[in-house]
Every structure is written in C-alpha cells, then in structure tokens.
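Let me begin by presenting the structure, written as structure tokens, before commenting on it.
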2 protein chains.
Amino acid sequence: MRDAERSFREFLREKNLKRTPERMAVLRGVLSLDGHFDADQLLERVQSYNKRISRATIYRVLPLLIDSGFVVETLSARGRVSYERSHGSFRHGHMICERCQEVIEFRSERLEELVGEICTAHGFVENEHRLSVRGICKQCTDKKGQE
Amino acid sequence: MRDAERSFREFLREKNLKRTPERMAVLRGVLSLDGHFDADQLLERVQSYNKRISRATIYRVLPLLIDSGFVVETLSARGRVSYERSHGSFRHGHMICERCQEVIEFRSERLEELVGEICTAHGFVENEHRLSVRGICKQCTDKKGQE
DNA sequence: CCCTAATTGAGATTGATTCTCAGTCTCATC
DNA sequence: GATGAGACTGAGAATCAATCTCAATTAGGG
C-alpha cells in the first residue's frame, strides 16, 4: 500500500502530472477492492473516503492506473468492460461459464512461463496478460446431465 | 460456409428459435469478415446484402452467434469491446501494444494443450479461449531506444 | 506567498447498446 | 397449400456508460 502510493507518485512525476488527493483516493479505492469491479463500484468506494469526488474523476484516473499497471481491463459477462486490480494480486486466468456466467479464477505457473517465452520470441515486452476461457463449468455440466 | 450455415441452423433449432433471412445474413456477414470488427462494420457488411436489415437486428443476432461459438468478444484498445469470428479461424492470442495500440496475433500449439489440461483439471468444458498480453511491441521498444 | 497551468465537480453531451411496439414472417398443424 | 400463434423485425425512442465542457479550485515551482 505504501509501496503502491510511492510507485504511483513516481509515475505521476514522470508524466508531469500532479499528485492530487483525488488521484490518491482513487488509487486507494482500487487497492481496497479485491477482484473485479466497475467504475460505479469504484466510485462508491472512493466516495466513502471523500464524498466530493466525482464520477468524472474516476474516469479520468482509471486510464492513469491502467498505464501505471495498477489496473487491467477485463471482459466480464455480456460484453461489459470491467476492471481489476493487477498490482499485488497474483496473475491468473478466468474461466467464464456461458450458462451461469460464473467467473472461476485459476492460476498456472507453467502458463506464466509459456507466455513469457512467446513474448520473448516476438520481441514483445510483456506488462500483463489475461487468459479467459469460455465454456461450461462443472456445476452446469453436472446439472445438465441430471435433466 | 455451408457447414457454418448448417451448424447455425442446428443451433437455432435446439434453442427453438426461427431461421430467418436476417439471422442468416448476419451469419454470412460474420463469416465474410476477417479479424476484428465492431457492430458498425458488421452492420455495413450485412446491409450490403440486404439494405433493410437494421442495427437492432445486428445487436440481437450477435449474442446468438456468440452462444453458438461463431463469434467471440474481445477487448480492443481503450476499453472498447469488439468481436471476432472464431469458427474456422485458427485459435490465437493477442499482444496489444500499449504505446501504438497495434494488435499482434500469435499462435501456440503448446498453449492450446496447456489450456486444455487446465480446463480438464477444473472439470470445465472449454468452448473457446483467448489470451491477451499487454505490453510494448518490438517496434516501439526499438523506437524508444533511439530517442 | 504567488502565479500559472493543471485539475476538479457538476452537469451536458455523446455514442453504443437495448428496448418498445406495431407490423411481418416462420413453421407446426391441419 | 392454408392458417394461426407466437416469434421476429425495423424504426426510432430510451437508456446507460463514458467523455467533454467550463468555471472555479488547487498544486507546486519560483
């Protein structure tokens, strides 16, 4: 948390952007939210710190947090974009059930390595990656069998 | 193409949905578009077959094509959702350059296998998967070095 | 401290997606 | 092949997230 703040300040300085209480509050909000969240949920959390922070600020700060690597965009059910904290949370993939819309997270060391190799092979400097698998989860498969 | 039509009809029958010229035209549109496209591009293509087909129909048929596995949603630059044909095109991942927004496609046999293993381990029946990597592409890295 | 440019809040605006509803069409049934 | 019930469609209105505008405020170098 302290580290995150320091690193975000650093990022702002590099970009010649000002360190404002609003920006820091949004960072704090992101760090306090686990898993996926959308702009509204973030706004609500941030407003619990400071009621005056507006929705526009959330949308203005989110790209900064994406650029600085604290947040990644992800695709959630029904084509909506949502956000996810990336710094400090383990990398993982998602399995999205097309029947019940459940999002199951998983993690694989071998996958990380393999992605690293693929990037190296393309001269691409990886910052973050996401794997999402669509299909039918165990529960739904079992349920369907019973019908 | 013939196969795709047959398979989509099959899907419609299973879901008790009607086979309409509009739905088939949207399928045809999707099959004719390579790579990524958005709703507008699809509409334009579909209207080249039949001028009367409306934007609403595009949005109504897209979810059917997603459910039936012909189309997948992907995340393109700046948090916008776009679509991509999936049936008949090789599976692949994306590397998205955060600097120039270029989307580089890649493909890895080992990745396919690994994903299969992960799904099996979770009792998840895979339908489709996407890997997207964010970072900086070779061109941009080189360019930055020169500055 | 002061000044300048960056940043902010509030609300208007935009633009993509979804909804509504009256008219049209599909297809199971005869 | 005709028919009827209900599914489907087009047009445009409605919605909703995201972006923009602008006057007022604030950060932070000098």
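Any value given below was found using the heavy atoms of this structure, including those in side chains, with hydrogens, waters and symmetry copies removed.
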Rounded to whole angstrom units, what separation is found between the [atom1] atom of [X] and the [atom2] atom of [N]?
X     : N      : atom1 : atom2 : answer
A:D38 : D:dC16 : CG    : C1'   : 12 Å
B:E73 : C:dA16 : CD    : P     : 17 Å
A:E22 : C:dG9  : CD    : C1'   : 9 Å
B:M24 : D:dT9  : CE    : C1'   : 17 Å
B:R60 : C:dT17 : CZ    : P     : 15 Å
B:R55 : C:dC19 : CZ    : C1'   : 15 Å
B:N16 : C:dA28 : CG    : P     : 9 Å
B:L43 : D:dT9  : CG    : P     : 14 Å

Should B:E73 and A:R134 be marked as a salt bridge (charged side-chain N to carboxylate O under 4.0 Å, His left out) after you check the CA-CA gap, both sets of side-chain angles, and the distance that decides it?
CA-CA 10 Å; B:E73 292 169 328; A:R134 289 170 171 273; 3.2 Å; yes
Proximity to the side chain of [X] - top-ranked nucleotide from [options]:
X     : options                : result
B:K18 : D:dA18, D:dG6, D:dA27  : D:dG6
A:R19 : D:dA18, D:dG10, D:dG28 : D:dG28
A:T20 : D:dG10, D:dA27, C:dT17 : D:dA27
B:P21 : D:dT19, D:dC20, C:dT26 : C:dT26

Please check if any side-chain donor atom of B:R130 sits under 3.5 Å from a side-chain acceptor atom of B:T74, or the reverse.
no
Nearest 0.5 angstrom please: A:L31 CG to A:M24 CE, how far?
9.5 Å
Interatomic distance, CG@A:D67 vs NZ@A:K15, rounded to 0.5 Å, equals 5.5 Å
Should the ring pair B:H94 and B:H36 be called parallel, tilted or perpendicular, given that the plane angle runs from 0 to 90° and is split at 30 and 60?
tilted
Qualifying residues under side chain to side chain contact (heavy atoms under 4.5 Å, CB included), relative to A:S54, sequence neighbours excluded:
A:A56, A:T57
Specify the angle, to 10°, made by the local axes at the two ends of the helix from C:dC1-D:dG30 to C:dC30-D:dG1 when five pairs are taken at each end.
40°
Does C:dT7 have OP1 or OP2 sitting under 4.0 Å from an N or O in the side chain of A:R23?
yes
D:dC8 phosphate, OP1 or OP2: any side-chain N/O from B:T57 under 4.0 angstrom?
no
For A:R52 and A:D40, take the nucleotide of DNA chain D holding the closest heavy atom to each; which residue's nucleotide lies nearer the 5' end?
A:D40
Pick the closest DNA chain C nucleotide for B:L17 and for B:Y59 by heavy atoms, then say which residue is nearer the 5' end.
B:Y59
Apply side-chain contact (heavy atoms from CB on, under 4.5 Å) to A:H122 and B:K138, showing your working.
CA-CA 7 Å; A:H122 284 79; B:K138 194 164 187 316; over 6 Å; no
